[in-house]
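For reference, the structure is listed below as structure tokens.
Just the heavy atoms: all of them, side chains too, but no hydrogens, waters or symmetry mates, feed the values below. No experiment lies behind these values; they were computed from the predicted model shown.
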Amino acid sequence: QVQLVESGGGLVQPGGSLRLSCAASGFSLDYYAIGWFRQASGKEREVVSCISPSGASTYYLDSVLGRFTISRDNAKNTAYLRMNRLKPEDTAVYYCATDPAAYCSGSHYYTPAGSFYYWGQGAQVTVSS
């Protein structure tokens, strides 16, 4: 069964850290760019970060630049999002997503069709004191 499974969300105080994991099963992530999205209550979904298949290219949303780090371990078929110095405005459901046609450059994450085929189930991240 082809799927992405996320883990690592939770409740953290402002200034704290979390690491999200996105484990792929049923297919190899080796040749896929992969990205993280988030959707806060009442807001549109936004791209937070992405990483190219080799890891050579990454992209970060301006508001998380310098605080979040995306990485991948192709041997473990897993991608990660390390989130440091978390703020209340980072509260959202975080999703990992990929697609055979996904492309990650230094400025954006997209597919020609404008949609991503594989999505994780979502991980709630709540930043609150």
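- Smallest separation of non-hydrogen atoms from A101 and P112: O-CD, 3.5 Å.
- Looking only at atom types and distance, the side chain of R38 has a donor-acceptor partner in the side chain of Y94 under 3.5 Å away.
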Side chain to side chain contact (heavy atoms under 4.5 Å, CB included) assessment of Y80 paired with I70: CA-CA 6 Å; Y80 305 95; I70 192 170; over 6 Å; no
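- There is no side-chain donor-acceptor pair under 3.5 Å between D73 and T78.
- For the pair T98 (side chain) and A33 (backbone), a donor-acceptor distance under 3.5 Å is present.
- Here the side chains of L20 and W36 are in contact, with some heavy-atom distance below 4.5 Å.
- Linking Ile, Leu, Val, Met, Phe, Trp and Tyr whenever their side-chain heavy atoms come within less than 4.5 Å leaves L11 and V93 in two separate clusters.
- Although no hydrogens or angles enter the test, the distance criterion places no donor-acceptor pair under 3.5 Å between the side chain of R82 and the main chain of R67.
- Using a 4.5 Å heavy-atom threshold, the side chains of F37 and Y109 count as touching.
- Atom OG in S25 sits 4.0 Å away from atom CD in Q3 (nearest 0.5 Å).
- Scanning both residues, S17 and N84, for their nearest heavy atoms gives OG-OD1, 2.9 Å.
- Under the 3.5 Å distance criterion, with hydrogens and angles disregarded, no donor-acceptor pair is assigned to the side chains of T91 and E89.
- We find the OH-CG distance between Y118 and L29 to be 10.0 Å, quoted to the nearest 0.5 Å.
- Here the closest heavy-atom approach between residue R72 and residue I51 is recorded as NH1-O, 3.6 Å.
- The only member of Y110, Y59, Y32 that meets ring pair (Phe, Tyr, Trp, His ring centres under 6.0 Å) when paired with Y103 is Y110.
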Do V125 and L18 pass the side chain to side chain contact (heavy atoms under 4.5 Å, CB included) test, and can you show the C-alpha distance, the side-chain angles, and the key distance before you say yes or no? CA-CA 9 Å; V125 171; L18 286 173; 3.9 Å; yes
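- Taking CZ from F116 and CG from L4, the interatomic distance works out to 12.0 Å, rounded to the nearest 0.5 Å.
- Here the side chain of E6 pairs a donor or acceptor atom with the backbone of C96 at under 3.5 angstrom.
- Nearest heavy-atom pair across D30 and P53 is O-CB, 3.4 Å.
- Across all their heavy atoms, A102 and T111 have their closest contact at CA-CG2, 3.7 Å.
- Counting all heavy atoms, side chain and backbone alike, P14 lies closest to S129 at CD-N, 3.7 Å.
- One distance of note links CG of L81 with SG of C22; it measures 10.5 Å at 0.5 Å rounding.
- Side-chain contact between D99 and W119: absent, with no pair of heavy atoms (C-beta onward) separated by less than 4.5 Å.
- In F27, the CZ atom is crowded: over 12 heavy atoms of neighbouring residues, nucleotides or ligands sit closer than 6.0 Å.
- In this structure, S28 and N77 have side chains that are in contact, with non-hydrogen atoms separated by less than 4.5 Å.
- A donor-acceptor contact closer than 3.5 angstrom links the side chains of S107 and S105.
- How far OG of S128 is from CG of L86: 12.0 Å, rounded to the nearest 0.5 Å.
- Both L65 and V48 are assigned to one and the same hydrophobic cluster, defined by single-linkage of ILVMFWY side chains at heavy-atom distances under 4.5 Å.
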